[in-house]
Amino acid sequence: MNSFAVSAVTNIIVSILCIGFSWWALQAFRFDLFVKHPESGQSKLLHIILSIFIGHGVASFFMEYLGWSMMLKSLFS
């Protein structure tokens with residue numbers, strides 16, 4: 001397996017995990033205070049979109065941090 005394949009699989013797994021964690025964390029948020037019909041399809045779609053948006057941002061942060069930390073070993077060698 002080349003490094004691109006490992007990187008791709010890692011990115012996919014981290015992204016899915018972060019989206020799942022953001023979905024779980026948003027369960028504590030009271031959407032009924034901000035939307036007209038909290039049980040509607042539009043409200044559920046908003047919940048999904050927010051989970052993807054937040055999860056992608058968190059996953060991007062972790063993957064960039066991992067990449068930067070991997071680059072640091074070239075500083076000391």
Side-chain angles (χ1 to χ4, degrees):
M1 258 180 141
N2 61 17
S3 64
F4 289 121
V6 172
S7 177
V9 169
T10 305
N11 281 334
I12 290 170
I13 291 171
V14 170
S15 293
I16 290 173
L17 286 174
C18 288
I19 290 170
F21 283 137
S22 67
W23 172 267
W24 174 72
L26 282 174
Q27 297 296 316
F29 188 73
R30 292 195 53 193
F31 279 102
D32 60 333
L33 298 175
F34 299 100
V35 294
K36 291 179 186 176
H37 306 288
E39 296 301 320
S40 69
Q42 290 173 328
S43 176
K44 292 179 187 198
L45 180 62
L46 176 64
H47 195 175
I48 293 169
I49 290 171
L50 283 174
S51 296
I52 293 170
F53 181 75
I54 295 169
H56 175 72
V58 172
S60 295
F61 168 76
F62 281 124
M63 293 312 297
E64 286 179 6
Y65 189 82
L66 178 66
W68 295 332
S69 64
M70 297 295 276
M71 284 187 236
L72 279 178
K73 59 182 174 179
S74 67
L75 180 67
F76 298 110
S77 47

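Residues take their numbers from the sequence shown, with the count starting at 1. Remember, predicted model here, so these are calculated numbers, not experimental data.
- Applying the under-4.5 Å side-chain rule to Ile, Leu, Val, Met, Phe, Trp and Tyr, the cluster around F4 consists of that residue alone.
- Residues meeting the ring-ring contact (aromatic ring centres under 6.0 Å, His included) test with F53, sequence neighbours left out: none.
- Q27 CD: more than 12 foreign heavy atoms inside a 6.0 Å radius.
- For residues 4-30, the salt bridge (charged side-chain N to carboxylate O under 4.0 Å, His left out) pairs, not counting sequence neighbours, are R30-D32.
- Cluster partners of I12 are I16, counting Ile, Leu, Val, Met, Phe, Trp and Tyr whose side-chain heavy atoms approach within less than 4.5 Å, directly or via other members.
- Here the straight-line distance linking atom CZ of F21 with atom CG of L17 works out to 6.0 Å at 0.5 Å rounding.
- Here S40 pairs with H37, Q42, S43 under the side chain to side chain contact (heavy atoms under 4.5 Å, CB included) rule; sequence neighbours left out.
- Atom CG of residue L26 and atom CG of residue L46 lie 9.0 Å apart, to the nearest 0.5 angstrom.
- Grouping Ile, Leu, Val, Met, Phe, Trp and Tyr by side-chain contacts under 4.5 Å, direct or through others, puts M63 with V14, L66, M70.
- Scored by the ring-ring contact (aromatic ring centres under 6.0 Å, His included) test, F31 finds F29, H47 as partners (sequence neighbours excluded).
- Applying the salt bridge (charged side-chain N to carboxylate O under 4.0 Å, His left out) test to residues at least two apart or on different chains, none of the pairs has a partner in residues 65-77.
- Pairs of residues two or more places apart, or lying in two chains, never qualify as salt bridge (charged side-chain N to carboxylate O under 4.0 Å, His left out) while including a residue from residues 57-70.
- The hydrophobic cluster around L45 extends to I49, counting ILVMFWY residues whose side-chain heavy atoms fall within less than 4.5 Å of a member.
- Among residues two or more places apart in sequence or in another chain, the side chain to side chain contact (heavy atoms under 4.5 Å, CB included) test is passed with V58 by C18, I54, F62.
- When all heavy atoms are compared, the tightest approach of S22 to S51 is OG-O, 2.7 Å.
- Residues satisfying the ring-ring contact (aromatic ring centres under 6.0 Å, His included) criterion with F76, sequence neighbours excluded, are absent altogether.
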